[in-house]
Amino acid sequence: MSDHHALDLASIRASLAGTSGAAYWRSLEELANTDAFQEYLHREFPEAASEFTDPVGRRQFLKLMGASLALAGVSACTKQPAEVIVPYVRAPEDIVPGRPLFFATAVTLGGYATGVLVESHEGRPTKVEGNPEHPASLGATDLFAQAQILALYDPDRSQTLKQQGDIRTWSAFLGALRGVVEAKRAGRGDGLRILTGTVTSPTLARQMAEFLAAFPAARWHQYEAAGRDSVRAGAQLAFGAVVDTRYAFDKARVVVSLDADFLGTMPGAVRYIRDFAAARRVRGESGGMARLYAVESAPGSTGAKADHRAALRPAEVETFARALAAALGVPGAARSSVPVAGQKMLEAAAQDLLASQGASIVVPGDEQPPAVHAVCHAINGFLGNTGVTVLHTDPVASAPLSQLQSLRELVDDIDGGKVDALLVLGGNPVYDAPSDFRFGEALKKVAFTARLGLYEDETSAACQWHIPEAHALEAWSDARAWDGTASIVQPLIAPLYGGRSAHDLLIGLSQAPGRSAHDVVRETWTRAAAAAGALDAEQYWRTALHDGVVKGSAFPLKTVAAGNVFAAIGPPSPGAAGLELVLRPDPTIGDGRFANLGWLQELPKPFTKLTWDNTVQLSPATAHRLGIRNEDVLEVAAGGRTVTGPAWIVPGQADDTVAVHLGYGRTRSGRVGDGVGFDAYRLRTSAGMWAAAGATVKATGRRARLASTQLHHDMDGRAIIRAGTLDQYRRHPHFVHEMEHEPPKTLTLYPAHAYEGYAWGMAIDLNACVGCNACVVACQSENNIPVVGREQVAKGREMHWLRVDTYYKGPAEAPEAYHQPVMCQHCENAPCEVVCPVAATVHSDEGLNDMVYNRCVGTRYCSNNCPYKVRRFNFLLYQDWETPSLKMARNPDVTVRSRGVMEKCTYCVQRITRAKIASEKEDRPVRDGEIVTACQQVCPAEAIVFGNINDPESRVSKLRAEALSYSLLGELNTRPRTTYLAALKNVNPVLAGTSGQHEEGEQK
Amino acid sequence: MSQTFHPSANGIARIMLFGLIVLVASSGYLIYQSGRSPYVTRAFEARQQPIQFSHERHVAGNGLDCRYCHTSAEAAAVAGIPPTKTCMNCHSQIHAGSPYLEPVRSSYANDVSIEWVKVHDLPDFVYFDHSIHLNKGVGCTTCHGQVDRMPLMWTVKSLQMEWCLDCHRAPEKYLRPREAVFRVDYQPPADQLALGSRLVRDYQVKSLTSCSTCHR
């Protein structure tokens, strides 16, 4: 938007107060209804998008047009250029060209594994899918796992081993390394240090143990930017020992989340989303619904799904936790004399928890201080949840320790001159270590530094040796999931650039340097076979490799009991005045390691729908108080450090907090990520890793231009999201259909078409969708969807076939949020089909709306007619035709589109065709569930279901028959094949009828 | 006053008008036909290959079945060109020293693939699946012609979309029993339409004319 007036909170409130019934809104600008917004809305593409304003460009364009016109007539008569077929010399046994193979492996995030099946075409991986047999996946993945394909083929990955800029060989490095290490042998390794991230790999742990046995004075440090130190410290406080905690959300009836984004970013989140969706599923008459209370500082997926939510400042979360314990009657919890922020919700939650002992969960966020974790352990123990819904195991991480302390000791030792050689395996500590450690300067003081990394990034620039790392899809390894289940990581392709893994490095340090990573991993598991009592170690190894899971390797549950937690944590610290800074990993970039992946940079973030930037988030009230508008560039100061970044007002953010996301502002990530956003790590100190008090913001007077897709494709006043409460559904199941009137099926001029045979349809359950965006990246990976860049996104030209829209309901300070994935609805009465002058979009006899790229001439009339605005046009040549590694990433079953053609969701017609052909060859009909679209496959919540609506027994037919089922914009008589199931909230009657279902942070 | 136009102008004008119509119609017809002509489609044009492999010698002469080399035709979308190893199965023994087969031997020895010219080349935006066609009774020689009489490979059909649609709209004109799909000596019987209709019913062949059948 070109101009923003300071949003007038009073008029926003007034416009909301005047509405009765469900009034949904998408952005604060819509509520304020500024003139600029109206103007913006009425043009499908914003001002200056359609004008060709660059003068030199225009001249060139006309020249090209003239030339093209001359050639146009000739093009029809030319012969096809000759192509060659290049067969194998010796064909590999299993590879059939055109038929992909699937291999089971695992990808890790923060050390924790998710089992995946990777689709491989002719020996190169093209798509990551979940492994149905892996407990952390059950067939789904998160968005980061989907983006790993792009990370593998990223052309900016480091390709050469370098020593201070000069290219060297692996043997030269090994020689230097062994020389340094051997010199330390006499001193038993004193001065040798290895820094890694969180390690769950049994093989790597074994290698490290062997190394440390040979060099007892050497030390292994760990540091992970988005680490789980609080989890470990909290467990230590509560149980006296470090244990891992995981949750069984499918068994819980009441869940209280204390800033725990268990539906977003925690290890095991993919599984939690599925379990939670199962607990919330209402079908027909049956099905209760778990109730979720959430406390959050910055809006997250969990808070959006909550039935009751309170936006609290970080310090208030601990107060809330203690007060909750007191309200429940946990021994040792002191009652506070003043009501805490969120008091009403707290009391209702306490009542619910007491009524669901043994079937409830109180879950603390990974970013909360250890005291909150300890209090939650006490509460869960008191409620009898331990062992039922709250499960404890031995720590999954191989050598759990306080990573912050470990890094601090390393820096102190470097400063004390005690470190002579440091190996950094993975991670990027120069970029993401706490800023008060000054790790970049410290590194320069070490005599011998070597860095194993995927990119030549900030840390590699500070080290002497840089060794290109083999990507997870190129290397042998193993890893554990959050419940302990081990998976073997197998390579899908030989290392593209001769990369090495951490295993290779440790082998180089060991007594037997000639071995390969495959050998050591195999050795780990053949030994484990013997320990597991398997008769045939080879069979054990092959089965584990084939399945992607080592059966029975989940850690057994531990029985622990919380001690006197409140004595251990001491009294609460007094709150501080002023703004509180909240630091969180970015929802689409993570901790910064994915900054160079265009898919993730362009992915609209869950609530702000921003792309290509991070922002300083403020609540509407705080912004109003400080006189800050969207896109004002602010200077944020905390702990004596400042960063500058653009402001973004986020409804639902806690008042008097400032939220920034980590992972941006990279300087050496590659051509995509460099210079994008601002580096929030500079505000992060060891004293305040996730929150800091005493922050200030100041407007600099400058403005930024941000690309948000939130304002694109606004659909005003219509019942797009339909939601209600469980009570409403029970009393009046068909309330959804009364929100809008759908015309009868006979209302059409066209003759009715009978769909015999297959009729494809899809049902999307809005109650299950958490807005995680995994489906968007999966669609991008499967269908070769290009990345267009910030400029084009600002013009509304993002190419995602599937988008997740977010709608708010309620007051601007504390709204409810709903997510809705929208893709081509494959309307039976498609408005796009009747207007194409060249019949490039036609209806198939199974109900698909076909898009034929070779006929499309780029009129864009179809997109004009589409009420859902799901058709994406290639205004420019967005695809990269040249880069060889990106060509390998593409799915060969889907056309790669050039400029000037329209594209849209095809219901994964390539998968439909593959299944149909397979079934026809076997003389049987396609089974329900045999065709799984890319979005359906990857959805952790099982929110998307695809199938044959002509089969009354198929899952999709049953979902269409549900009372909650409705068509998006069905009143336009488009008859979409995609239907939605309305979202429900399980509102506590005690809290209903108060100021919305949500509470503001401050009880003034 | 004198006439601007000579009386012959009348005749000339009529001839010109008539001629214009004939010219437009005939040039339209010529362009229409030329687009289908073997000049453009390269039908019946023997294509030079890096090794002059003779299907006539191997199929008619030695009796090889199509599937000996084109192994994935029944299983997958792509029928496949054989790897060099398939050639060497025989040619390590037969004509093992022939100079004509030197490229084969050197490919095998040096692990460098032979780059064959693609004769049956559909445009890249067409996704054709061999296996389903074979499964439904479309014979190899129906589309590829009498391969056993080709010393060098050429196409016998235009491979244009209208040719595909000709069969897709009425499969009974071209189907043959599944057992006969790989026979090069198969001749369609006199009652092809009756036989074809029966096969359409038995093999549950659908007349697939939706765009997404081939274009995605």
Side-chain angles (χ1 to χ4, degrees), chain A residues 73 76-92 95-100 122 756-757 783 839-855 892-897 901 906-914 916-923 925, chain B residues 31 34-35 37 39-42 47 50 69 71-72 74-86 88 107-119 121-127 129-132 134-136 159 161 203-216:
Chain A
C77 311
T78 50
K79 304 182 198 189
Q80 237 187 310
E83 277 182 31
V84 289
I85 311 179
V86 185
Y88 290 104
V89 176
R90 293 166 183 76
I95 294 185
V96 175
R99 194 198 274 170
E122 281 118 50
E756 286 132 22
N783 293 299
T841 180
V842 288
H843 220 64
S844 86
D845 53 12
E846 289 171 354
L848 289 184
N849 176 276
D850 290 338
M851 186 64 222
V852 187
Y853 307 118
N854 35 307
R855 283 189 83 96
D893 290 331
V894 177
T895 305
V896 178
R897 285 80 56 192
V901 293
T906 58
Y907 270 177
C908 279
V909 64
Q910 66 277 10
R911 295 181 177 216
I912 296 175
T913 306
R914 191 195 292 169
K916 275 172 57 186
I917 287 176
S919 70
E920 300 253 351
K921 289 199 284 195
E922 291 171 23
D923 264 329
Chain B
I31 292 173
S34 71
S37 69
Y39 176 73
V40 172
T41 64
R42 304 183 86 157
R47 305 291 291 273
C69 295
T71 50
S72 49
E74 282 176 297
V78 168
I81 297 290
T84 314
K85 188 161 187 294
T86 306
M88 292 303 285
S107 158
Y108 194 67
N110 300 329
D111 213 25
V112 175
S113 297
I114 304 168
E115 293 188 10
W116 301 96
V117 171
K118 193 169 184 182
V119 177
D121 187 11
L122 291 174
D124 289 348
F125 49 79
V126 176
Y127 291 84
D129 187 299
H130 267 97
S131 60
I132 190 65
L134 294 176
N135 182 268
K136 295 293 183 184
L159 296 185
M161 183 168 150
Y203 296 159
Q204 292 179 47
V205 176
K206 300 182 194 59
S207 159
L208 294 176
T209 51
S210 295
C211 299
S212 56
T213 306
C214 311
H215 296 293
R216 43 183 151 96

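Note that these values count all heavy atoms, side chains included, but never hydrogens, waters or copies made by symmetry.
Environment of NZ in B/K118: crowded, with over 12 heavy atoms of neighbouring residues, nucleotides or ligands closer than 6.0 Å.
If you measure heavy-atom distances from B/P82 to chain A, the contacts under 4.5 Å come from the backbone alone. With a 4.5 Å cut-off on non-hydrogen atoms, A/P92 does not touch chain B at all. The part of B/V112 that comes within reach of chain A is its backbone (N, CA, C, O), which places non-hydrogen atoms under 4.5 angstrom from that chain. Heavy atoms closer than 4.5 Å to chain B are found in the backbone of A/P892, but not in its side chain. For chain B, no part of A/N783 is nearby; none of its heavy atoms comes within less than 4.5 Å. Residue contact with chain B, scored on non-hydrogen atoms closer than 4.5 Å, involves the side chain of A/V96 exclusively. For B/L122, the part lying near chain A is the backbone, with the side chain staying farther off; criterion is any non-hydrogen pair under 4.5 Å. Looking at B/S131, the atoms closer than 4.5 Å to chain A (heavy atoms on both sides) sit in the backbone and in the side chain alike. Using a 4.5 Å cut-off between heavy atoms, B/I114 contacts chain A through its backbone alone, with no side-chain atom that close.
Between the side chain of A/K921 and the main chain of B/A75, a donor-acceptor pair closer than 3.5 Å is present. Between the side chain of B/Y127 and the main chain of A/T895, a donor-acceptor pair closer than 3.5 Å is present. Panel note: side chain B/S113, backbone A/P87; a donor-acceptor pair is recorded below 3.5 Å.
Within the 4.5 Å cutoff, no side-chain heavy atoms of B/S212 are placed close to those of A/T913. Looking at B/K136 and A/E920, their side chains come closer than 4.5 Å, going by heavy atoms from C-beta outward. Counting only heavy atoms from C-beta outward, the side chains of A/R855 and B/H215 never approach each other to under 4.5 Å.
Among B/N135, B/T209, B/T71, B/T41, the residue with the largest count of heavy-atom pairs under 4.5 Å with chain A is B/N135. In terms of heavy-atom pairs under 4.5 Å with chain A, the best-connected choice from B/V78, B/I132, B/D121, B/V119 is B/D121. When each of B/C214, B/P123, B/G80 is scored by its heavy-atom pairs under 4.5 Å with chain A, the top score falls to B/P123. Comparing B/D111, B/V117, B/T213, B/V126 by heavy-atom pairs within less than 4.5 Å of chain A, the highest count is held by B/D111.
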Below 3.5 Å, can you tabulate the donor-acceptor pairs from side chains in residues 839-846 of chain A to any protein atom, sequence neighbours excluded?
from: A/T841; atom 1: OG1; to: A/N849; atom 2: OD1; distance (Å): 3.1
from: A/T841; atom 1: OG1; to: A/D850; atom 2: O; distance (Å): 3.1
from: A/T841; atom 1: OG1; to: A/R871; atom 2: NH2; distance (Å): 2.8
from: A/H843; atom 1: ND1; to: A/E833; atom 2: OE1; distance (Å): 3.4
from: A/H843; atom 1: ND1; to: A/E833; atom 2: OE2; distance (Å): 2.5
from: A/H843; atom 1: NE2; to: A/Y755; atom 2: OH; distance (Å): 3.3
from: A/H843; atom 1: NE2; to: A/G847; atom 2: O; distance (Å): 3.3
from: A/S844; atom 1: OG; to: A/E846; atom 2: N; distance (Å): 3.1
from: A/S844; atom 1: OG; to: A/L848; atom 2: N; distance (Å): 3.2
from: A/D845; atom 1: OD1; to: B/S210; atom 2: OG; distance (Å): 3.3
from: A/E846; atom 1: OE1; to: A/W760; atom 2: NE1; distance (Å): 2.7
from: A/E846; atom 1: OE1; to: A/K916; atom 2: NZ; distance (Å): 3.2
from: A/E846; atom 1: OE2; to: A/K916; atom 2: NZ; distance (Å): 2.8

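Stacking of A/R90 on the aromatic ring of B/Y108 is recorded, both the 6.0 Å distance cut-off and the 45° axial limit being met.
Taking CD of B/Q204 as the reference point, atom CG of A/D923 lies at 6.5 Å (rounded to 0.5 Å). Here the CG-CG distance, from A/N854 to B/D124, works out to 11.0 Å after rounding to the nearest 0.5 Å. The distance from the CG atom of B/D129 to the CZ atom of A/R914 is 11.0 Å, given to the nearest 0.5 Å.
Partners of B/R216 under the side-chain hydrogen bond (donor to acceptor under 3.5 Å, both in side chains) rule, at least two apart in sequence or in another chain, do not exist in this structure.
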